[in-house]
Amino acid sequence: MKIRATPEELAAIKFAMEKEEMPRVYKRYQALYLFLSGKTCKEVSSLIGLTDITVCNIHRAYKKSGLAVIPDKSIPGRPSRLTPQQLNELKQVILNNMPSDVGLVTNLPWTANLIAEYIKRKYDYTYSIRGITGMLERLGFIYVRPTYVLAPANQIK
């Protein structure tokens, strides 16, 4: 067993690992810690559930750039189908109108389903409910799932 790091480096990795909340990133810190503690890539991969190539890549990235490369980079995802102008227009419609004002047959306030239906009618794009809630978040809205309140119990009984 060959230790590949100083005690200070191992302590820094252990500290970062203990602070980490994302399981995926925690697993990377753990792999790096075990590898630098003297285990082989194959041993670490069998213990943690990563491939040995991934363990070696984590170590290589760490040697090149330090601990900053271990956490996840943001994953951009697919670009929006709506243009920035259309998104702004949609935001104004949601803020200033009720669904019934724009031709949707309902007396309810805006829901993710109604927004998806409006986008389908207006722009001919289909969005999932998850896509709508993500879009609302990016537009600065807070999406709250509806909760149901029971009617008060009859006091006479």
Side-chain angles (χ1 to χ4, degrees), residues 1-96 99 108-150:
M1 186 185 269
K2 180 181 174 188
I3 296 178
R4 299 175 180 94
T6 65
E8 292 81 20
E9 285 179 299
L10 290 174
I13 295 167
K14 191 168 189 170
F15 178 74
M17 187 170 47
E18 289 169 354
K19 278 189 346 184
E20 188 55 52
E21 295 176 359
M22 293 179 62
R24 195 177 139 131
V25 178
Y26 178 86
K27 195 181 260 194
R28 289 182 194 156
Y29 282 126
Q30 191 177 30
L32 180 63
Y33 183 83
L34 290 171
F35 181 77
L36 294 177
S37 295
K39 298 209 179 290
T40 65
C41 284
K42 283 197 181 287
E43 291 172 332
V44 173
S45 68
S46 66
L47 283 171
I48 295 182
L50 298 172
T51 65
D52 52 342
I53 294 170
T54 301
V55 174
C56 291
N57 287 341
I58 290 169
H59 177 249
R60 188 176 304 118
Y62 170 73
K63 278 191 345 188
K64 183 177 179 184
S65 303
L67 277 178
V69 298
I70 303 300
D72 277 335
K73 298 177 198 109
S74 64
I75 301 170
R78 182 175 191 218
S80 176
R81 294 182 199 124
L82 299 177
T83 66
Q85 179 184 356
Q86 290 171 330
L87 285 170
N88 191 36
E89 190 178 299
L90 175 65
K91 184 175 183 176
Q92 293 308 314
V93 167
I94 294 170
L95 284 173
N96 300 321
L108 297 173
W110 286 105
T111 64
N113 281 329
L114 290 172
I115 294 170
E117 187 178 332
Y118 177 74
I119 291 172
K120 177 68 178 160
R121 286 183 185 184
K122 176 89 174 175
Y123 305 110
D124 199 30
Y125 290 123
T126 303
Y127 273 88
S128 66
I129 299 304
R130 179 81 174 100
I132 294 293
T133 58
M135 180 191 305
L136 291 173
E137 187 176 310
R138 288 188 299 278
L139 288 173
F141 289 103
I142 298 172
Y143 178 75
V144 180
R145 286 199 169 121
T147 57
Y148 299 98
V149 179
L150 296 174

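In this text the structure is predicted, and so the values were computed from the model without any measurement.
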How long is the span from the [atom1] atom in [X] to the [atom2] atom in [Y], to the nearest 0.5 Å?
| X | Y | atom1 | atom2 | result |
| --- | --- | --- | --- | --- |
| L90 | L139 | CG | CG | 6.5 Å |
| Y26 | K19 | OH | NZ | 14.5 Å |
| L32 | I13 | CG | CD1 | 4.0 Å |
| M17 | I70 | CE | CD1 | 11.5 Å |
| W110 | L136 | CH2 | CG | 10.5 Å |

- Message: Working note: N113 + I132, criterion side-chain contact (heavy atoms from CB on, under 4.5 Å); need CA distance, chi angles, decisive distance, verdict.
- Response: CA-CA 8 Å; N113 281 329; I132 294 293; over 6 Å; no
Provide the closest heavy-atom pair for [X] versus [Y] in the form atom of the first, atom of the second, distance.
| X | Y | value |
| --- | --- | --- |
| L114 | P109 | CD1-O, 3.4 Å |
| S37 | L10 | OG-CD2, 3.8 Å |
| L36 | Y62 | CD1-CE2, 3.6 Å |

- Output all residues satisfying ring-ring contact (aromatic ring centres under 6.0 Å, His included) with F35, sequence neighbours left out; order by chain, then residue number. H59
- Item | Within residues 75-86 or reaching into it, pairs that qualify as salt bridge (Lys or Arg N to Asp or Glu O under 4.0 Å) - sequence neighbours excluded | none
- Message: For residues 42-55, which residue pairs pass the salt bridge (Lys or Arg N to Asp or Glu O under 4.0 Å) check, not counting sequence neighbours?
- Response: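 Qualifying pairs, neighbours excluded: K42-D52.
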Please identify each residue that fulfils side chain to side chain contact (heavy atoms under 4.5 Å, CB included) with [X], with sequence neighbours left out.
| X | result |
| --- | --- |
| S80 | L82, L87, Y127 |
| R130 | S128, T133 |
| N57 | I53, R60 |
| I48 | K27, Q30, A31, L34, V44, L50 |

- Message: Just to verify, what does K14 make a salt bridge (Lys or Arg N to Asp or Glu O under 4.0 Å) with, not counting sequence neighbours?
- Response: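 In terms of salt bridge (Lys or Arg N to Asp or Glu O under 4.0 Å), with neighbours along the sequence ignored, K14 is linked to no residue.
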- salt bridge (Lys or Arg N to Asp or Glu O under 4.0 Å) filter on E89, not counting sequence neighbours, yields K122
Among residues at least two apart in sequence or on other chains, which ones pass side-chain hydrogen bond (donor to acceptor under 3.5 Å, both in side chains) with [X]?
| X | answer |
| --- | --- |
| R121 | E117 |
| K91 | none |
| Y33 | none |

- For S45 and T51, run side-chain contact (heavy atoms from CB on, under 4.5 Å): C-alpha distance rounded to whole Å, both residues' side-chain angles, the deciding distance at 0.1 Å, then the answer. CA-CA 5 Å; S45 68; T51 65; 5.7 Å; no
- Flag the pair Y118 / I94 as yes when at least one side-chain heavy-atom distance between them is below 4.5 Å, and no otherwise. no
- Query: Heavy-atom distance under 4.5 Å between the side chains of Y123 and Q86, does that happen here?
  - Reply: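 SC-SC contact between Y123 and Q86 confirmed.
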- Task: Please check if atom NZ in K63 has more than 12 non-hydrogen atoms from other residues, nucleotides or ligands closer than 6.0 Å.
- Result: no
- Heavy-atom neighbours of Q92 CD exceed 12 at 6.0 Å: yes
- Task: Would you sort out whether Y125 and K120 count as a side-chain contact (heavy atoms from CB on, under 4.5 Å), showing the intermediate values?
- Result: CA-CA 5 Å; Y125 290 123; K120 177 68 178 160; over 6 Å; no
